[in-house]
Amino acid sequence: RGHYQVSQVEEAANYLVSGLHQQPQQPQQKSSNHHTTNDNNNTNNKEDNHQQQQQQPRPLPASLMGSPQPPDCVLLVGYSYGSLIAASASANIPQCVGCVSIAP
């Protein structure tokens, strides 16, 4: 149990340390291959807009764009069950300098 969550934490840490989060991302365009009737058109458009907003990442603040280098290390913090996941993931992340467990 928890292997998937541990791999997600490892993936997120590697993403940050690699500096990929500092590169601007191009918005994804959604294809509209579905057909709707006029009665359902407004409802489907609202749902599509809501899904599109959830899928697109938030832009980084201007102060973080173009930072000179990515972080050298990460500190993992977990609360409750997350503290067990963070502690487990910290063993597999060489750049992890510590792990804080709150209410394990």
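As the structure is a prediction and not an experimental result, all values here were calculated from the model.
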* Asked: Looking only at heavy atoms, which two atoms of Tyr81 and Gly2 are closest? And how far apart?
  -> OH-CA, 3.5 Å

* State which residues pass side-chain contact (heavy atoms from CB on, under 4.5 Å) with Ser90; sequence neighbours excluded, sorted by chain then number. => Leu76, Cys96, Cys99

* Any residue meeting side-chain contact (heavy atoms from CB on, under 4.5 Å) with Ala13, in chain and number order, not counting sequence neighbours -> Val74, Ile93

* To do: Using atom types as modelled and distance alone, determine if a side-chain donor or acceptor of Ser88 lies under 3.5 Å from a backbone N or O of Ile85.
  => no

* Asked: How long is the gap from OG on Ser18 to CD on Glu11, to the nearest 0.5 Å?
  -> 10.5 Å

